[in-house]
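Input: a single structure, listed below in structure tokens.
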Amino acid sequence: MHLKDLAGILPVEGTVPPDLEVTGISSDSRQVRPGVVFFALAGSKADGSTYAADAAGRGAAAIVAARGNAISGLSTPVVAVDDPRLALALSAARFFGKQPETMVAVTGTSGKTSVAAFTRQIWEQAGFAAASIGTTGVVAPGRNEYGSLTTPDPVALHKLLKELADAGVTHASMEASSHGLDQRRLDGVKLAAGGFTNLGRDHMDYHPTVEDYHRAKLRLFDTLLPKGAPAIIFADDPWSEPTIKAARAAGLKVLTVGRHGDFLTLKRVEHERHRQRAEVEVDGVLHEIDLPLAGDFQIANALVSAGLAISTGTSVGKALAALEKLKGAPGRLDLVGTTSAGAPVYVDYAHKPDALENVLTSVRPFTTGRVVVVFGCGGDRDRGKRPIMGEIATRLADVVIVTDDNPRTEVPETIRAAILAAAPGAIEIGDRRKAIHDAVAMLHAGDTLIVAGKGHEEGQTVGTETFHFSDHEEVREALQERAA
Ligand SMILES: CC(=O)N[C@H]1[C@@H](OP(=O)(O)OP(=O)(O)OC[C@H]2O[C@@H](n3ccc(=O)[nH]c3=O)[C@H](O)[C@@H]2O)O[C@H](CO)[C@@H](O)[C@@H]1O[C@H](C)C(=O)N[C@@H](C)C(=O)N[C@H](CCC(=O)O)C(=O)O
Ligand SMILES: Nc1ncnc2c1ncn2[C@@H]1O[C@H](COP(=O)(O)OP(=O)(O)OP(=O)(O)O)[C@@H](O)[C@H]1O
Ligand SMILES: N[C@H](CCC[C@H](N)C(=O)O)C(=O)O
Ligand SMILES: [Mg+2]
């Protein structure tokens, strides 16, 4: 590719030779090789323009930086743009040049990973080669890889989308995190539809207010989706209304789902412990759906997923039939086993207040004994959520065990103390392994144990080191010990 092929994205006239050969693009100077265009981004820790000389020294073809940047004295051409992150996303899309034909993105505080996984499964059942991209990684035909970010950065994302398209994937669902939306990571993706699940407290270390957080989420609807594209919005959340309003104002085709939904209307639900039977009305016709998943919230996720699939061409019959075969995303109210007395043990990814509230509420109707919860809060993340989660656990569980969950560079005792301050009577066991083993050991018939916060994760980050740790493995081991 030549620099001129990025015309319309980068102002390449004048100072920059348009026939300059471009071999790649990067926002990390350490990855720059000869011919790579380096995008200098202002980040949360560093300002990329301070690495312009480093990139130039490694043979960068050109440097793209914010207008008014302080880069000077380099022989490498500097291209000034208004929004370097947007320029990076659009350039990455142009450079890699290919993506699955039908792509959808879902946003919301909770349920994104589940919706992305369910939408992929519906498409698979309908006979499409489909992929999902998000917190738990990339799943596609012949591919199942662990991921690190919920929404990958634009260069990694478009490289991946090209690989998927080259491998014959025609349909892909992806998670749109608020960081991803705010940082323009998805701006180069051609989206066919978007979904919204709910909004609660999250990432208050990054977004100054919940309104700012909501505004970041709204970018999916008011900026990224083309006019007329379907927006599938869960209708029963306190933030549904402003989201619907914004999507309508942006000229999208708003399709709501849920009890208050008019596209897929939830008429009735009967919960069982590990499954639920729902009645959903579509176009005046009632459909009975036997959803093989625990947790009230999974109905919401299933409806948003069905809405995304139907609005992008899957038939109503095929989409609803596929719901009966859904498998939960790994670590989302995931039944790992039961004690010999029949007490179930679930691993769940609830690491924010609303999610914890939902998961504890979901298991209560099937618990004749006690609800026991083991959880902690991550270090170097939103501190405000700690007492909130302590209060929720104390209100909704009978036994609360406060433990560590990725303390990172914070002092673990301090994190636990902040939770315990709002959790009178809670038991403190810092060592997560011991906390899980003790919790399993105390279960009687009729009890339910929820190990929350890590879900699919396979590590515990203490300081800057990550040790192998899996809630699934610990629960299995503890159940075996008890059975022995
Ligand atoms: C706070 C945040 O979102 N940071 C992300 C962001 O980094 P940043 O732009 O702030 O980077 P920075 O460290 O300040 O550096 C600025 C620039 O200098 C460059 N640099 C730096 C050093 C050097 O030697 N040379 C160089 O060029 C960096 O590559 C960067 O472009 O952009 C990077 C590239 O896309 C991301 O990897 C990085 O994610 C960090 C690792 C992270 O932890 N992000 C989390 C909070 C996140 O994004 N989470 C969301 C939501 C999770 C969920 O709720 O599901 C997600 O989508 O995963
Ligand atoms: N629709 C929902 N409403 C409320 N809580 C939910 C919903 N879906 C999932 N949860 C809870 O949130 C947890 C995370 O679910 P999921 O991974 O699907 O969401 P996410 O939006 O991808 O979260 P993250 O941003 O952490 O990756 C689940 O383990 C469950 O406790
Ligand atoms: N994407 C989230 C995941 C948090 C999971 C929890 N286990 C924690 O470490 O706080 C984050 O990095 O903030
Ligand atoms: Mg996720």
Side-chain angles (χ1 to χ4, degrees), residues 26-32 38-55 58 60 63 84-85 88-89 106-118 132-137 147-157 174-186 196-200 202-203 205-206 216 234 236-237 258 293-305 328-334 346-363 375 378 380-382 408 450 452-457:
S26 177
S27 60
D28 186 341
S29 63
R30 293 161 292 193
Q31 310 283 327
V32 169
F38 173 67
F39 288 73
L41 308 180
S44 50
K45 290 201 217 99
D47 184 346
S49 26
T50 49
Y51 302 105
D54 183 33
R58 292 171 195 262
I63 289 159
R85 284 187 190 272
L88 173 68
V106 58
T107 196
T109 302
S110 295
K112 300 182 295 296
T113 298
S114 305
V115 169
F118 294 171
S132 56
I133 302 164
T135 318
T136 50
S148 56
L149 289 174
T150 287
T151 305
D153 78 73
V155 178
L157 178 60
M174 65 179 295
E175 289 181 54
S177 68
S178 60
H179 289 80
L181 287 163
D182 184 53
Q183 294 169 18
R184 317 282 189 263
R185 293 181 203 159
L186 294 110
F196 173 83
T197 53
N198 49 55
L199 196 95
D202 199 16
H203 302 306
D205 47 344
Y206 183 86
F234 179 59
D236 305 338
D237 188 77
L293 297 168
D296 193 28
F297 58 81
Q298 294 289 29
I299 302 250
N301 296 339
L303 292 178
V304 174
S305 310
R332 275 69 184 163
L333 207 49
D334 201 346
Y346 293 96
V347 164
D348 187 73
Y349 195 47
H351 56 84
K352 34 200 162 191
D354 288 22
L356 191 63
E357 174 130 16
N358 270 300
V359 78
L360 293 176
T361 311
S362 285
V363 297
F375 82 103
D380 302 334
R381 296 285 186 273
D382 180 10
R408 301 191 177 88
I450 303 284
K454 293 187 92 62
H456 63 284
E457 290 179 0

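Predicted, not measured: the structure shown is a model, and the values here were computed from it. First listed ligand is number 1; within each ligand, the first listed atom is number 1.
For atom 46 (C) of ligand 1, a protein heavy-atom neighbour is present inside the 4.0 Å cut-off. The presence of a protein heavy atom under 4.0 Å from atom 53 (C) of ligand 1 is confirmed. For atom 7 (O) of ligand 1, the protein comes within 4.0 Å by no heavy atom at all. Atom 43 (O) of ligand 1 is not flagged as protein-proximal [any protein heavy atom, distance under 4.0 Å].
Counting heavy atoms from C-beta outward, P152 and I133 have side chains that approach closer than 4.5 Å.
Around the Mg ion (ligand 4), the protein atoms of type N, O or S found under 2.8 Å away are T113 OG1, T135 OG1, E175 OE1, listed by chain and number.
Taking any N or O of G111, backbone or side chain, at least one lies under 3.5 Å from an N or O belonging to ligand 2. For S27, a nitrogen or oxygen atom sits less than 3.5 Å from a nitrogen or oxygen atom of ligand 1, counting backbone and side chain alike. For the pair R381 and ligand 1, the shortest N or O to N or O distance does not fall below 3.5 Å. In terms of polar-atom proximity, S177 is counted as a contact of ligand 1, with an N or O under 3.5 Å from an N or O of the ligand.
Using a non-hydrogen distance threshold of 4.0 Å, R185 registers as a contact of ligand 1. Taking a 4.0 Å cut-off on heavy atoms, T197 fails to register as neighbouring ligand 2. Between H351 and ligand 1 there is no heavy-atom distance shorter than 4.0 Å. The closest approach between a heavy atom of F38 and any atom of ligand 1 is below 4.0 Å.
With a heavy-atom cut-off of 4.0 Å, Q298 does not touch ligand 2 at all. Contacts of N358 with ligand 2, taken as heavy-atom pairs under 4.0 Å, involve the side chain alone. At a 4.0 Å heavy-atom cut-off, ligand 2 does not touch V115 at all.
Against a heavy-atom cut-off of under 4.0 Å, G43 is close to the following atoms of ligand 1: 8 (P), 9 (O), 10 (O), 14 (O), 16 (C). Within the listing of ligand 1, atoms 37 (O), 39 (O), 44 (N), 47 (C), 48 (O), 58 (O) sit less than 4.0 angstrom from a heavy atom of L149.
Checking side-chain atoms of T107 against main-chain N and O of A176 turns up a donor-acceptor pair under 3.5 Å.
For atom 9 (O) of ligand 1, the candidate residues are Q183, Q31, K112, R85; the nearest heavy-atom contact is made by R85.
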